[in-house]
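Worksheet for the structure shown next.
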2 protein chains.
Amino acid sequence: MSISSQNADALAERLSHSGLRATPQREVVYNVLLKKRDHPTADEVFARVKSELPTISLATVYNCLETLVQCELVRAVNFERGPTRYCPNLRPHAHFHDEHTGKTHDIDLPADLLDKVSSVLPQGYDAKSVEIIFRGKTAPH
Amino acid sequence: MSISSQNADALAERLSHSGLRATPQREVVYNVLLKKRDHPTADEVFARVKSELPTISLATVYNCLETLVQCELVRAVNFERGPTRYCPNLRPHAHFHDEHTGKTHDIDLPADLLDKVSSVLPQGYDAKSVEIIFRGKTAPH
DNA sequence: GCGATAATTAGAACTATTCCAAACTTAGGC
DNA sequence: GCCTAAGTTTGGAATAGTTCTAATTATCGC
Ligand SMILES: [Mn+2]
Ligand SMILES: [Mn+2]
Ligand SMILES: [Zn+2]
Ligand SMILES: [Zn+2]
């Protein structure tokens, strides 16, 4: 069984679990995200998907991306008011936004860090998610 | 000397330091932020400022807010793709976004926490800023 | 295969923000 | 106290990213 059909199965499983259908558009969008994990925008996903599904529309790309986010197969990532970026990395991780290159890097987090960070919350605050964003520059080469 | 004129002086100082001028619009926008620290949007700031300067324009509110952010008297805060919110709290702090009420709460951070968080960065990553966002609900009353 | 339901599509609409060019204000130099 | 240059404000147009709409097409269970 190919990697891609494993992914397709995982996707179909998650989709049907939410009463949603597996479609070629959803599969291709998801595969595009898995193939090049550079946190593309919806426009960039659109461009990549087009080579396989030339008639897909931008609206469908937005629909598919939102579906994937809701199935928790993909995370939406925002920096300031820039276009939303999409990330298929499901491990707990932070994002480093390189202001020079514009590139976004995943920073894997030690198992206990998010708990440690959440422990600063006063009584009565119940966090469902924690997001950590670094902004700065990365060394060359 | 009133609190408000102390703020006005601090503002004038920061502005002239950057070769910028103190204007009534900038002062009123800054005072509005200091007076009610509920992370208002530009539109909300506009509405509040109007009662003191009825002829101010929305473009000017955006200009003033950007100026204040550049002088580092105010932080711009974003949640997903919602409108930018403005925060005059200069202590190191995280934001807690209550999904039920839509309200944003400041979470003061212990002195060492941001360093601890930054220490997860691999060699070669140089973070100029770290941002922490919690999302969830707060207990009633 | 058929009907019900879900998904896709193109384009219009929307929201928050930025851009623009003209008018106004302010700080200095005389 | 005026003049000029520079900075600022203003209303409206433009823009970017996303969401909405209504029509068409695909899929699923029977
Ligand atoms: Mn993130
Ligand atoms: Mn923040
Ligand atoms: Zn990521
Ligand atoms: Zn704040």
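For the numbers below, each heavy atom of this structure counts, side chains included, while hydrogens, waters and symmetry mates do not. Per chain, numbering begins at 1; letters A, B, ... match sequence-line order. These numbers were taken from a predicted model, which means no experiment stands behind them.
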Decide yes or no on side-chain contact (heavy atoms from CB on, under 4.5 Å) for B/L121 and A/I107, but give the supporting numbers first. CA-CA 7 Å; B/L121 288 171; A/I107 306 292; 3.7 Å; yes
Is the centre of the B/H39 ring less than 6.0 Å from the centre of the B/H105 ring?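 That pair fails the under 6.0 Å test.
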Rounded to whole angstrom units, what separation is found between the [atom1] atom of [X] and the [atom2] atom of [N]?
{"X": "A/E80", "N": "C/dT17", "atom1": "CD", "atom2": "P", "answer": "12 Å"}
{"X": "B/F79", "N": "C/dA16", "atom1": "CZ", "atom2": "P", "answer": "15 Å"}
{"X": "B/D43", "N": "C/dC14", "atom1": "CG", "atom2": "C1'", "answer": "14 Å"}
{"X": "A/L20", "N": "C/dT5", "atom1": "CG", "atom2": "P", "answer": "16 Å"}
{"X": "B/L58", "N": "C/dT15", "atom1": "CG", "atom2": "C1'", "answer": "12 Å"}
{"X": "B/L15", "N": "C/dT26", "atom1": "CG", "atom2": "P", "answer": "14 Å"}
{"X": "A/I56", "N": "C/dT8", "atom1": "CD1", "atom2": "C1'", "answer": "9 Å"}
{"X": "B/N63", "N": "C/dT18", "atom1": "CG", "atom2": "P", "answer": "9 Å"}

Backbone of A/G82 reached by a side-chain donor or acceptor of B/R81 within 3.5 Å: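 Confirmed, B/R81 side chain pairs with A/G82 backbone.
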Among Ile, Leu, Val, Met, Phe, Trp and Tyr joined by side-chain contacts under 4.5 Å, find the other residues sharing a cluster with A/V28 and list them by chain and number.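 Other cluster members: A/L11, A/L15, A/L20, A/V29, A/Y30, A/V32, A/L33, A/L34, A/V45, A/F46, A/V49, A/L53, A/I56, A/L58, A/V61, A/Y62, A/L65, A/L68, A/V69, A/L73, A/V74, A/Y86.
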Would you please confirm or rule out a distance under 4.0 Å between OP1 or OP2 of C/dT9 and any side-chain N or O of A/T60?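 Affirmative; the distance criterion is met.
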Taking only the side-chain nitrogens and oxygens of A/R21, find out if one of them lies under 4.0 Å from OP1 or OP2 of C/dA7.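 So the side chain of A/R21 is outside the cut-off, no N or O lying under 4.0 Å from OP1 or OP2 of C/dA7.
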Report the residue (A/A22 or B/A42) whose heavy-atom-nearest nucleotide on DNA chain C is the more 5′ of the two.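 Its nearest nucleotide lies further toward 5', so the answer is A/A22.
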What is the nucleic acid contact for A/T23, judged by heavy atoms within less than 4.0 Å: base, sugar-phosphate only, or nothing?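 Here A/T23 touches the backbone only, sparing every base.
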Which is true for A/T41 with a 4.0 Å heavy-atom rule: it touches a base, it touches only sugar-phosphate, or it touches nothing?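 The answer is nothing, as A/T41 stays clear of every strand by at least 4.0 Å.
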Walking along DNA chain D from 5' to 3', note the first and the last nucleotide with an atom under 4.0 Å from a heavy atom of chain A, and give both.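 Terminal contacting nucleotides, 5' to 3': D/dG17 to D/dC28.
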Is there a donor in the side chain of A/H93 and an acceptor in the side chain of A/H95, or the other way round, less than 3.5 Å apart?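 Yes.
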